[in-house]
Amino acid sequence: MTEHADHHQHAYIESGHKEDYLKRLRRIEGQARGLQRMVEEEKYCIDILTQVSAMTKALQSVALGLLDEHMSHCVADAARKGGPEADAKLKEASDAIARLVKS
C-alpha cells in the first residue's frame with residue numbers, strides 16, 4: 001500500500017463540515033473566475049490585487065479549518081497510540097503548517 005493511499009484511510013472531515021468546506025470552495029472558485037474576468041477586462045491592478053488578497057484569505061481559512069480537523073482527529077489519535085505512526089503524523093502536520101506559513 002502506498003503512503004498516499006494510507007492518507008485516505010485516515011481522512012476525517014467532521015460531518016456537517018464537508019458541505020461548509022464545499023460551499024466555501026465553490027465561492028473561491030467563483031472568485032477565481034471573477035479574477036480572470038478582471039484581467040481580461042484590464043481592470044485597475046490594485047482592484048485585482050485586492051481581490052487576490054481576499055481569495056488568499058479565503059483559501060487560508062479553509063486550510064486552517066482542515067488543519068484543525070486533522071490535528072484534533074488524525075494527529076490526536078496517532079499521538080494516543082504512539083510509536084512511529086505518531087511521529088509521522090506529527091511531522092506531516094508540522095510540514096503542512098510550515099507550507100501554510102510560507103504561502
Side-chain angles (χ1 to χ4, degrees):
M1 179 176 285
T2 66
E3 184 181 339
H4 185 68
D6 188 50
H7 291 309
H8 293 295
Q9 286 183 336
H10 299 289
Y12 187 97
I13 296 177
E14 202 163 303
S15 65
H17 290 186
K18 181 178 176 180
E19 280 308 312
D20 177 55
Y21 287 125
L22 290 172
K23 186 190 325 175
R24 290 161 70 183
L25 288 167
R26 283 190 287 270
R27 196 175 309 128
I28 291 166
E29 183 180 20
Q31 286 177 293
R33 282 193 301 272
L35 279 168
Q36 291 171 47
R37 225 175 3 264
M38 291 177 82
V39 171
E40 285 170 357
E41 296 169 4
E42 298 179 22
K43 298 291 185 189
Y44 186 52
C45 290
I46 297 301
D47 293 340
I48 297 171
L49 288 169
T50 298
Q51 291 307 309
V52 168
S53 178
M55 188 174 164
T56 300
K57 285 179 185 164
L59 276 170
Q60 287 173 334
S61 175
V62 168
L64 288 172
L66 289 169
L67 181 60
D68 183 60
E69 296 223 18
H70 182 68
M71 295 291 287
S72 57
H73 298 289
C74 299
V75 176
D77 288 347
R80 275 191 289 276
K81 292 175 188 166
E85 185 183 354
D87 294 341
K89 288 289 181 198
L90 288 169
K91 169 106 174 70
E92 182 182 62
S94 179
D95 291 346
I97 292 166
R99 285 192 301 273
L100 283 174
V101 170
K102 289 177 188 172
S103 62

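Just the heavy atoms: all of them, side chains too, but no hydrogens, waters or symmetry mates, feed the values below.
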Is it true that [X] and [Y] fall in one hydrophobic cluster, defined by side-chain heavy atoms closer than 4.5 Å?
X	Y	value
Leu49	Leu59	no
Val101	Val75	yes
Leu64	Ile28	no
Ile97	Leu90	yes
Val52	Leu25	yes

Quiz prompt | Rounded distance [0.5 Å steps], CD in Glu92 versus CD in Glu85 | solution = 9.5 Å

Self-check item: Non-hydrogen atoms of Leu35 and Ile48 that approach each other most closely
Solution: CD2-O, 3.6 Å

Exercise. Write down the atom of Ala78, the atom of Lys89, and the distance for their closest heavy-atom approach.
Key: CB-CG, 3.5 Å

Quiz item: Under the side-chain hydrogen bond (donor to acceptor under 3.5 Å, both in side chains) test, which residues partner Asp77, sequence neighbours left out?
Solution: Arg80

Quiz item: Do the charged groups of Glu29 and Arg33 touch, with an N to O distance under 4.0 Å?
Solution: yes

Quiz prompt | Asp87 with Lys91: basic N within carboxylate O range, under 4.0 Å | solution = no

Practice problem: Name all pairs fulfilling the salt bridge (charged side-chain N to carboxylate O under 4.0 Å, His left out) condition that reach into residues 40-50, sequence neighbours left out, sorted by first residue then second. | Solution: Glu41-Lys43

Quiz item: Which residue pairs pass the side chain to side chain donor-acceptor pair (under 3.5 Å) test with at least one member in residues 49-67, sequence neighbours excluded?
Solution: Arg24-Ser61

Quiz item: Looking at side-chain heavy atoms only, is the closest gap between Tyr21 and Glu69 below 4.5 Å?
Solution: yes

